[in-house]
**Student:** 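There's a structure below that I have some questions on.
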Amino acid sequence: MTFQETTDIPGLDLADLRLNGFKVHALPASTDVPPVKVGRRDFYKIGLVNGDMTINYGGQLLDIEGTVLIFINPRVPHSLVRRLNRTSGYSCIFTETFISGRELQYSPLFRAGDNPVIRLNTEQSGFMTGLFEKILTVYNGDYLHKGELIKSCITLIIHEALRIQPAQHVLPLRNGVSRIAHLFIDLLERQFPIERSNEPLGLRTAQDYASHLSIHVNYLNRAVKEVTGKPTSAHIAARIIAEAKALLQHSDWSVAEIAYALGFEYPAYFNNYFKRLTGTTPNAFRKV
């Protein structure tokens, strides 16, 4: 997967993608890196990549070496930063209408807070290569039900990826405490990303989440701390700061707009909050 704007790939017609909901292509081998572009798109991406490169995914710089699977959420800003050698592999992109939007939205592989890269050994790489080659063959063929067959291959890729690397934040639901912690983590992730500055973050405190889950805040705090080892407030703060960094780096919103979008009544409150947790101001962070 090249992680540059998909429109830069020769022969890739986005109008056709939106009509049919799916595209697949072999990766170009060029080592030339275009100017870095970052954006949130309306399609998901799964890539099988062999090469050395660095990508920016939601503000995280991820170094990729060897053969990996990459799962890209369209709501997370991403771009190619640099490529160190020739790249091989495959990439497929598809809309929520091609595969169940809910299935994608709640899949741990596409969850915004997780690392989207799964490293593969030789055996796993061979298996995945076969699946992507099958998808490309079917895509270029004239089989009447090619869409359903491609969906089956993508589903197999997703399940095999989960088998290779289980979800990082899936909590065991052994008892009521585990269930509460799981519900909190899920609810927290569903608040992000912030896509419109005029639709501010609604849940910002442990009490907000407890009220939404119809439980006492003390019970929520105890459950989250027992299962995850961190207080509820720490999870919330980390997620707000991660979103703030993404918006500062990858949007043209003013600091005031970002402050209001994240639920702060005044920009000064946001400035103090950001500096207390990161050691720098929003404006200084944006200039780095």
Side-chain angles (χ1 to χ4, degrees), residues 38-42 56-61 73-79 101-102 105-106 110-114 169 171 177 179-288:
V38 183
R40 291 174 178 174
R41 294 295 183 178
D42 61 348
N56 184 328
Y57 187 74
Q60 303 179 71
L61 289 180
N73 182 327
R75 298 177 179 86
V76 178
H78 55 276
S79 66
R102 184 176 179 84
Q105 182 179 359
Y106 293 108
F110 292 101
R111 192 159 46 198
D114 282 0
H169 295 155
L171 303 174
V177 168
R179 180 176 178 275
I180 291 299
H182 173 82
L183 291 174
F184 163 72
I185 294 295
D186 179 69
L187 182 58
L188 175 63
E189 286 298 328
R190 284 191 279 125
Q191 306 311 303
F192 303 94
I194 304 296
E195 299 184 84
R196 298 178 179 85
S197 58
N198 62 347
E199 295 180 5
L201 181 65
L203 305 178
R204 291 193 62 251
T205 68
Q207 182 61 63
D208 292 338
Y209 283 89
S211 297
H212 193 89
L213 295 171
S214 300
I215 59 176
H216 195 281
V217 66
N218 291 344
Y219 182 39
L220 173 64
N221 288 332
R222 185 168 63 252
V224 172
K225 181 65 178 295
E226 179 178 327
V227 174
T228 71
K230 296 193 296 184
T232 308
S233 57
H235 286 280
I236 297 171
R239 198 63 186 84
I240 289 176
I241 288 296
E243 185 69 6
K245 288 180 176 180
L247 291 171
L248 287 166
Q249 290 182 321
H250 309 308
S251 80
D252 59 1
W253 297 359
S254 68
V255 171
E257 288 176 315
I258 293 173
Y260 295 135
L262 292 174
F264 292 88
E265 188 176 1
Y266 301 106
Y269 292 173
F270 170 62
N271 288 342
N272 293 336
Y273 182 88
F274 190 90
K275 185 173 183 180
R276 177 167 56 85
L277 293 179
T278 67
T280 188
T281 65
N283 278 321
F285 179 83
R286 173 167 263 176
K287 293 175 182 177
V288 174

**Student:** Sub-3.5 Å donor-acceptor pair from the side chain of Gln191 to the main-chain atoms of Leu187, do we have one?
**Tutor:**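 Yes.
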
**Student:** Given side chains that start at C-beta, do those of Ile240 and Arg204 come closer than 4.5 Å, heavy atoms only?
**Tutor:**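 Touching, per the 4.5 Å side-chain cut-off.
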
**Student:** If I take atom CG from residue Leu262 and atom CH2 from residue Trp253, how far apart are they, to the nearest 0.5 angstrom?
**Tutor:**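 Here the rounded value is 8.0 Å.
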
**Student:** According to side chain to side chain contact (heavy atoms under 4.5 Å, CB included), who are the partners of Arg222, at least two apart in sequence or on a separate chain?
**Tutor:**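 Counting only residues at least two positions away or on another chain, Arg222 forms a side chain to side chain contact (heavy atoms under 4.5 Å, CB included) with Tyr219.
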
**Student:** Suppose we screen for side chain to side chain contact (heavy atoms under 4.5 Å, CB included). Which residues come up paired with Ala268, at least two apart in sequence or across chains?
**Tutor:**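 In terms of side chain to side chain contact (heavy atoms under 4.5 Å, CB included), with neighbours along the sequence ignored, Ala268 is linked to no residue.
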
**Student:** Let me confirm one number: the CG-CG distance from Asn271 to Asn283, rounded to the nearest 0.5 Å.
**Tutor:**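 Answer for the CG-CG pair, Asn271 versus Asn283, is 7.0 Å.
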
**Student:** Applying side chain to side chain donor-acceptor pair (under 3.5 Å), can you list everything that pairs with Thr205, at least two apart in sequence or on another chain?
**Tutor:**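 By the side chain to side chain donor-acceptor pair (under 3.5 Å) rule, Thr205 matches Asp208.
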
**Student:** How close do Ala210 and Leu220 get, heavy atom to heavy atom, and via which atoms?
**Tutor:**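 Nearest pair, atom of Ala210 first, then Leu220: N-CD2, 3.7 Å.
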
**Student:** Can you tell me how far CD1 of Ile258 sits from OG of Ser251, rounded to the nearest 0.5 angstrom?
**Tutor:**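 So the OG of Ser251 and the CD1 of Ile258 are separated by 4.5 Å.
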
**Student:** Heavy-atom distance under 4.5 Å between the side chains of Asn221 and Pro231, does that happen here?
**Tutor:**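 A side-chain contact under 4.5 Å is absent here.
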
**Student:** Rounded to the nearest 0.5 Å, how far does NE2 of His216 lie from OG of Ser211?
**Tutor:**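 So the gap between those two atoms works out to 9.5 Å.
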
**Student:** Answer whether the closest heavy-atom distance between the side chains of His235 and Val224 falls below 4.5 Å.
**Tutor:**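 SC-SC contact between His235 and Val224 confirmed.
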
**Student:** Less than 4.5 Å apart, any side-chain heavy atom of Tyr209 and any of Ile215?
**Tutor:**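 No. Closest side-chain heavy atoms not under 4.5 Å.
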
**Student:** Any chance you could measure Asp186, atom CG, to His182, atom NE2, to the nearest 0.5 Å?
**Tutor:**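 Between Asp186 CG and His182 NE2, I get 5.5 Å after rounding to 0.5 Å.
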
**Student:** Taking side chain to side chain contact (heavy atoms under 4.5 Å, CB included) as the definition, give me every residue that meets it alongside Ala238, ordered by chain and number, with sequence neighbours left out.
**Tutor:**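 Expected list: none.
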
**Student:** For a quick test of reading the model, state the closest non-hydrogen atom pair linking Ala181 to Ala223 and the distance between them.
**Tutor:**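 For Ala181 and Ala223, the tightest heavy-atom pair comes out as CB-O, 4.0 Å.
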
**Student:** Atom CZ of Phe184 and atom CD of Glu189: how far apart are they, to the nearest 0.5 Å?
**Tutor:**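 Atom-to-atom, Phe184:CZ and Glu189:CD are 9.5 Å apart.
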
**Student:** Do Leu201 and Phe192 have side chains that approach each other closer than 4.5 Å (heavy atoms only, starting at C-beta)?
**Tutor:**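 Yes; the side chains approach each other to less than 4.5 Å.
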
**Student:** Not counting sequence neighbours, which residues clear ring pair (Phe, Tyr, Trp, His ring centres under 6.0 Å) with Phe264? List them please.
**Tutor:**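 With neighbours one apart ignored, the set is Phe270, Tyr273.
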
**Student:** I'd like to check the side chain to side chain contact (heavy atoms under 4.5 Å, CB included) partners of Phe285; sequence neighbours left out, ordered by chain and number.
**Tutor:**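 Phe285 satisfies side chain to side chain contact (heavy atoms under 4.5 Å, CB included) with Lys245, Leu248, Gln249, Phe274, Thr280 once adjacent residues are dropped.
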
**Student:** Looking at every non-hydrogen atom in both residues, tell me the closest pair between Ala261 and Ile194 and how far apart they are.
**Tutor:**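 For Ala261 versus Ile194, the nearest heavy atoms are CB-CG2, 3.9 Å.
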
**Student:** Would you please name every residue forming a side chain to side chain donor-acceptor pair (under 3.5 Å) with Thr281, sequence neighbours left out?
**Tutor:**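 Partners of Thr281 by the side chain to side chain donor-acceptor pair (under 3.5 Å) criterion come out as none, since no residue qualifies.
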
